[in-house]
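One structure is given below, encoded as structure tokens.
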Amino acid sequence: MLREAACLRIDLLATSEAVPRVRRAVGAYVDAEVRDEVRLCVTELVANVVRHVGEGTPVRVRVFRGVAGVPTRVEVADPAKGALPVLHRARAEDEFGRGMSLVDAVACGWGVECGAAGGKTVWCEVGGTGPAD
């Protein structure tokens, strides 16, 4: 798989206030064709860390621009190996629980990679011709 050597890398503490800042930074970095989808995905993935791992958790966001039919890849890494995202069927009255369904709907693929030393990276890919393996 071919990827650009450089990527956007943002290290932050996962807070509600950080979500719009990272969304703007990522939106300025990616191509217009995938901007809305990538912003939605990074918003949901970082918000999941805030909600399910905890406010103030150190997070690393990396975005690799898609090239030549390869999707744009978003990665959000945090130290909590056990808090894995799942697709949830939210009821109409539920206020939460739709984030990964939104990611699943706009991404051509997503998954979780658990690190040997702990922690995890939740990734998704948008655009291109399909998941880049």
Side-chain angles (χ1 to χ4, degrees):
M1 160 182 66
L2 296 175
R3 291 247 178 243
E4 290 183 8
C7 73
L8 175 65
R9 178 179 151 175
I10 304 169
D11 292 318
L12 63 130
L13 296 179
T15 63
S16 299
E17 296 78 22
V19 173
R21 288 193 306 268
V22 72
R23 180 175 48 239
R24 280 191 299 275
V26 166
Y29 181 73
V30 299
D31 295 331
E33 302 84 47
V34 295
R35 186 167 295 132
D36 291 340
E37 292 87 351
V38 169
R39 286 192 301 204
L40 180 138
C41 289
V42 79
T43 297
E44 293 302 331
L45 297 180
V46 174
N48 275 352
V49 175
V50 173
R51 180 159 180 81
H52 299 290
V53 179
E55 188 93 12
T57 299
V59 171
R60 173 167 291 154
V61 175
R62 295 191 324 159
V63 179
F64 299 86
R65 280 192 206 125
V67 292
V70 176
T72 296
R73 183 177 175 101
V74 176
E75 298 178 351
V76 176
D78 68 66
K81 190 173 189 174
L84 300 176
V86 295
L87 286 176
H88 179 71
R89 186 170 292 214
R91 297 175 308 211
E93 64 273 10
D94 290 343
E95 293 186 31
F96 301 99
R98 294 174 183 82
M100 289 312 295
S101 293
L102 291 170
V103 171
D104 188 62
V106 301
C108 56
W110 69 272
V112 181
E113 297 171 0
C114 293
K120 69 177 174 302
T121 299
V122 182
W123 60 269
C124 66
E125 295 178 335
V126 176
T129 56
D133 294 320

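Being a predicted model, the structure only gives us computed values, none of them experimental.
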Backbone N/O of V42 and side chain of R23: donor-acceptor pair under 3.5 Å:
no
When rounded to the nearest 0.5 angstrom, what is the spacing between SG in C41 and CD in E125?
10.5 Å
Hey, is the main chain of A80 close enough, under 3.5 Å, to the side chain of K120 for a donor-acceptor pair?
yes
For V103 and L40, which heavy atoms make the closest approach, and how far apart are they?
N-CD2, 4.4 Å
Shortest non-hydrogen contact from C124 toward L45
SG-CD1, 4.2 Å
Candidates I10, V76, V30 - the one meeting side-chain contact (heavy atoms from CB on, under 4.5 Å) with V63:
V30
Heavy-atom pair of closest approach, residues G66 and D31:
O-OD2, 4.4 Å
Can you check side chain to side chain contact (heavy atoms under 4.5 Å, CB included) on N48 and V122, steps first, answer last?
CA-CA 10 Å; N48 275 352; V122 182; over 6 Å; no
Steps toward side chain to side chain contact (heavy atoms under 4.5 Å, CB included) verdict (V61, L12):
CA-CA 8 Å; V61 175; L12 63 130; 3.9 Å; yes
Between D104 and W110, what is the shortest heavy-atom contact and its length?
OD1-NE1, 3.0 Å
Sub-3.5 Å donor-acceptor pair from the side chain of T121 to the main-chain atoms of A77, do we have one?
no
Please check: side-chain N/O of R39 versus main-chain N/O of R24, any donor-acceptor pairing under 3.5 Å?
no
Nearest-0.5 Å distance, OG1 of residue T15 to CD of residue E55
5.5 Å
Determine the minimum heavy-atom distance between E37 and E33, stating which atoms define it.
OE1-O, 3.7 Å
Minimal heavy-atom distance between G118 and K81, with the atoms involved, is CA-CD, 4.2 Å
If you measure from CG on L84 to CE on M100, what distance do you get to the nearest 0.5 Å?
10.5 Å
Kindly indicate whether the side chain of T57, heavy atoms from C-beta on, has any atom under 4.5 Å from the side chain of P79.
yes
Verify side chain to side chain contact (heavy atoms under 4.5 Å, CB included) between E75 and F64, making sure each step is shown before the conclusion.
CA-CA 9 Å; E75 298 178 351; F64 299 86; 3.8 Å; yes
V74 with V50, same ILVMFWY side-chain cluster at under 4.5 Å:
no
Is there a side-chain contact between L13 and P58, using heavy atoms and a 4.5 Å cut-off?
yes
